[in-house]
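Working notes, structure below.
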Amino acid sequence: MTFGVGAVLERHDAANGDVQMDRRSAAAAEAVRTETQRYVDTLLTTAAAAGAQEVLTRSEYAALTEPLKSMKLAGASTIAFVVPAADDRIGEVQSLWRERGAPDLVLDPYGHGDHAFSIYLTSLDGSVLTPGLDLMRGEAPAAALAASRRSGTVAVSDTYQLLVDASKPPEQRQNSFVLAAPVYQGEQRRFLGWVLLGVRGQDFMGATLARAGQNLLDLTLHADDPERRELTVASLRAKVEGERDLSRTVVVPVADGTWTLHLGAVRDRLPGATSGLPSAVVGGGLALTTLLTLLVWVLVAGRERAEERVRRATEELLAGEEETRRQAELLLAVLDGISDGVGVVGPDGRFLLHNPAARRILGRHADLMAAGGWKDRSGLYRLDGVTEYPPEELPLTRALNGVGSEQVEMLVRNPAHPEDRVISVSARPIESAAGERGAVAVFHDITDRKHVENELRGFAGVVAHDLKAPLAAIRGYAELIVEALADPDPAAVADALRSAGRVMAGADRMHTLIMELLDYTAARDATMRVEDVGLRELVDDVVTARTDAPDATGCRPDVFVGALPRVRGDRVLLRQVLDNLLGNAIKYTPPGQAPRIDVTARVDGTGTVRVQVADRGIGIPDGEHAAVFDSFHRASNGTAMPGTGLGLAICRRIVERHGGHIEAMPNPGGGTIFAFTVPGASAERELRDNLHTV
C-alpha cells in the first residue's frame with residue numbers, strides 16, 4: 001500500500017515538473033516577445049513622427065530621436081534614416097539631403113541598380129558614425145528593407161554582424177540584427193525612406209533572458225542567418241548543477257519573422273516540480289508524526305510559492321506600468337518636437353491633449369483646456385477677415401459629429417495674434433474601445449505661404465500689365481516699318497528708322513523689367529557668399545560707374561564719401577544695394593540741377609554698421625516713406641520717371657538677409673535719406689547662423 005502511494009506521488013511529481021516547465025517556458029517566451037515588441041513599437045512611433053514633418057531636416061530628425069537615448073534600449077547601437085536611390089539619381093539625392101541639413105553628406109554606392117543610403121544617423125551607444133553608406137552591401141539589411149517596404153510595417157533582418165562592428169576584434173563581435181520601418185509622408189502616404197534600428201543580440205536579450213530564467217533555466221535564442229543556417233542570437237546558462245532532464249522549444253514571433261527559444265532545466269531544481277512526498281511515504285511508513293511534519297512542510301512551501309507568485313505578478317505589473325510610462329513620454333516628446341499643432345478632444349468637448357505648437361498657432365492657452373473652450377468662435381474668421389466662422393462648421397465640431405475635414409483654411413486674430421494669421425486645419429473623428437467618440441485635429445500655420453501666393457498674384461498682374469504696353473508698341477511700330485519698307489519714298493524710310501528706334505526702346509523696357517524681376521528673386525533665394533568687405537571699395541566702384549559721364553543736361557553728380565568701415569556680408573549683393581540707392585539719388589533729381597549725394601557710415605556699440613545715402617532730389621511724399629520698399633510701388637510725387645518699382649524692394653530683401661533693416665526719411669535740406677544696417681567685420685557673432693530668407 002505504501003509503495004503504491006509512493007508510485008502515485010512520483011507520477012504526480014513528474015506531472016508537476018512538466019507543468020512548471022511549461023509555465024516557465026511560456027513566461028520566458030512572453031518576456032522575449034514583449035521586449036522585442038517594445039522595440040518594434042518604438043521604431044513605428046519614430047517612423048510616424050518622421051513622416052509627419054513637412055520637410056525632414058537633420059535638426060528635426062535629431063530632435064525626434066533624442067528621447068530614445070534615455071529609454072535605455074539594451075543592445076541598440078544606431079537609429080538611422082535611410083533613403084532609396086537608383087544609379088541615375090544618386091547625385092540628385094545627395095544634393096537634396098545636403099540642403100536639408102547634411103552639408104558634408106557623400107553617398108557611397110555599392111554595385112549597380114537600387115541603393116539604400118543612410119542619411120541621418122543617431123548613435124545610441126556612443127559609436128562614431130559616418131552617413132552615406134549603401135546598406136545594399138549587406139544581404140541581411142537589404143532584405144529587411146525590401147520586406148518592410150513591401151509589407152508597409154516593421155521587418156526584422158536575418159542574423160548577421162552589424163557593419164558598424166566590422167572594425168572590432170572577432171571576439172567582440174555579436175550576432176546582431178536590424179529592425180526596419182517604412183516612413184510615409186502626407187495624406188497620400190508618399191514613401192520617403194526607412195527608419196533602421198541596429199541591435200546587438202546578446203546585449204539586447206541578455207537582461208531579458210536573465211529575468212525570465214531566474215537562474216533556473218538554460219535559455220538559448222536562435223534565428224536564421226542569410227543562408228538559412230540557425231545562429232545563436234543570445235544565450236544564458238543557469239548556475240545549477242545536474243542533468244538537464246526537462247527541455248522545451250518555443251517559437252517566438254518577432255516583427256514579420258520568428259525566432260526559436262530553446263529551454264533546459266533540472267527537474268529537481270524547479271520550485272513546485274517535486275514535493276518530496278514519495279520518499280517520505282516510502283522511508284517513514286505510516287508514522288503519524290512524520291506525516292504531520294511533512295504536511296506542515298508542504299503547507300509552508302505552498303505559502304512561500306504563493307507569495308513568490310504574488311511577488312512576480314507585482315513585478316510584472318510594475319514593469320508594465322513603467323513601459324507604459326516610457327511609451328507615453330516618448331509620444332509626448334515627439335508631439336512637443338513637431339512643428340504642426342496636434343489636438344485631441346474628448347466627447348465632452350474638452351481638450352485631452354494639445355502640444356505647444358497647437359497653442360502657439362491658435363494663440364490661446366488657458367481657454368483651450370475648458371470644456372468646449374475651442375468652440376468659442378471669437379478670433380476665428382473666414383479668409384475675408386470679416387465673417388466669423390460659424391461654430392457648427394468648425395472642423396472639430398464636424399469631426400465630433402462623425403464628419404472629417406481636410407485642410408480647411410481660416411484666419412486667426414486674437415491678442416496673441418493681433419496681425420492676422422492664416423491656418424489650415426484637418427480633423428478626423430476617433431472612437432475609443434468603450435465606444436466614446438472624440439476627435440483629433442492637426443493645425444498648420446500657412447501665413448507665409450499665403451503671403452507668397454499673394455505676392456505671386458501681384459507679380460502676375462504687374463508683369464502682364466507692364467509687358468503688354470511695350471509689346472503693343474513693338475507690334476504697331478513693326479507694322480509701320482513693314483509698310484514703310486514697301487514704299488521707296490525717302491521720307492517713308494526715315495519714318496521706318498524712327499519706328500525701329502521705338503521698337504528697340506520697347507524691347508529695352510521689357511529687358512529691364514525681366515532683369516529686375518530676376519534680381520528680385522535672386523535677392524531672396526540666391527546663395528550668399530559671406531566675407532569681410534570694404535565699403536569704401538564698393539562705393540568708389542559704384543560712384544565711378546555712375547559719374548563717368550554727365551547726364552543729358554551736362555550736369556555731373558557731386559558725391560561726397562565719408563569714412564567707411566569694413567562690413568561682413570555678400571560683396572555682390574551689397575554692391576547692388578549701393579548701386580540702386582545711388583542710382584535713385586541721381587535719377588530723382590530735378591531737371592537742370594546737379595545731383596548732390598552724401599554717403600556716410602557709423603559703427604554702434606554692438607558692432608553694427610549704419611550706412612546713410614542722403615540726396616537733394618525731389619523727395620518722397622509724406623506717408624509713403626515705408627511703402628516705397630513694397631514690390632512695384634511707385635511714389636505719387638507727380639513725376640513720370642521710368643522704372644518698375646522693384647529697386648527698393650530688392651534693397652530691403654538683401655539688407656534683411658544680412659540681418660539688418662532699411663528705412664527712408666526726409667532730408668531736412670530737401671530730398672531723402674536712405675539708411676540701412678549690416679554687421680561690421682569685427683562683430684563677435686557668426687552671420688551664417690543668423691541668415692534667413694525673407
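- The distance from atom CZ of F443 to atom CG of L362, rounded to the nearest 0.5 Å, is 5.0 Å.
- V93 and P84 make their closest contact through CG2-O, 4.3 Å (heavy atoms, listed as atom of the first residue, atom of the second, distance).
- Counting only distance, with no hydrogens or angles, the side chain of H417 and the backbone of R360 share a donor-acceptor pair below 3.5 Å.
- Interatomic distance, CD1 of I620 versus OG1 of T672, reported as 4.0 Å (0.5 Å rounding).
- Checking side-chain atoms of T677 against main-chain N and O of H661 turns up a donor-acceptor pair under 3.5 Å.
- Around atom CD of E393, more than 12 heavy atoms belonging to other residues, nucleotides or ligands sit under 6.0 Å away.
- The closest side-chain donor-acceptor pair between D445 and T447 falls under 3.5 angstrom.
- Closest approach of S118 and L121 over heavy atoms only: CB-CD2, 3.8 Å.
- A distance of 11.0 Å separates CZ in R58 from CD1 in I119, rounded to the nearest 0.5 Å.
- Considering only heavy atoms from C-beta on, D340 stays 4.5 Å or farther from N355 through its side chain.
- A salt bridge is absent between R98 and D104: the closest approach of a Lys/Arg side-chain nitrogen to an acidic carboxylate oxygen does not fall below 4.0 angstrom.
- Without hydrogens or angle criteria, N667 side chain to G619 main chain gives no donor-acceptor distance under 3.5 Å.
- There is no side-chain donor-acceptor pair under 3.5 Å between Q407 and H444.
- Salt bridge D420/R413: present, at least one basic N to carboxylate O contact under 4.0 Å.
- Considering only heavy atoms from C-beta on, R546 stays 4.5 Å or farther from P557 through its side chain.
- Counted within 6.0 Å of CZ on R382, heavy atoms from surrounding residues, nucleotides or ligands total more than 12; the atom is thus considered enclosed.
- Proximity of R571 to E537: side-chain heavy atoms (C-beta onward) are separated by under 4.5 Å at one or more points.
- Taking CZ of R575 as the start and CG of L535 as the end, the distance is 13.0 Å to the nearest 0.5 Å.
- Aromatic ring centroids of W97 and Y120 lie under 6.0 Å apart.
- Annotation: side chain of D570 is not in contact with side chain of V530 (no heavy-atom distance under 4.5 Å).
- Looking at every heavy atom in both residues, V609 comes nearest to P565 through CG1-CG, 3.7 Å.
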- I would like to know whether D604 and R610 meet salt bridge (charged side-chain N to carboxylate O under 4.0 Å, His left out); could you show each step before the answer? CA-CA 8 Å; D604 64 18; R610 178 180 174 88; over 6 Å; no
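- Enclosure of atom CD in E54 is not indicated, since only 12 or fewer non-hydrogen atoms of other residues, nucleotides or ligands lie within 6.0 angstrom.
- Between the side chain of D87 and the backbone N or O of H115, no donor-acceptor pair lies under 3.5 Å.
- Counting non-hydrogen atoms of other residues, nucleotides and ligands closer than 6.0 Å to CZ of R100 gives a total above 12.
- Surrounding CG of D622 are at most 12 heavy atoms belonging to other residues, nucleotides or ligands under 6.0 Å away.
- For R190 and Y184, the positive end is not near the middle of the six-membered ring at less than 6.0 Å and at most 45° from its axis.
- Within the 4.5 Å cutoff, the side chain of Y381 has no heavy atoms near those of the T387 side chain.
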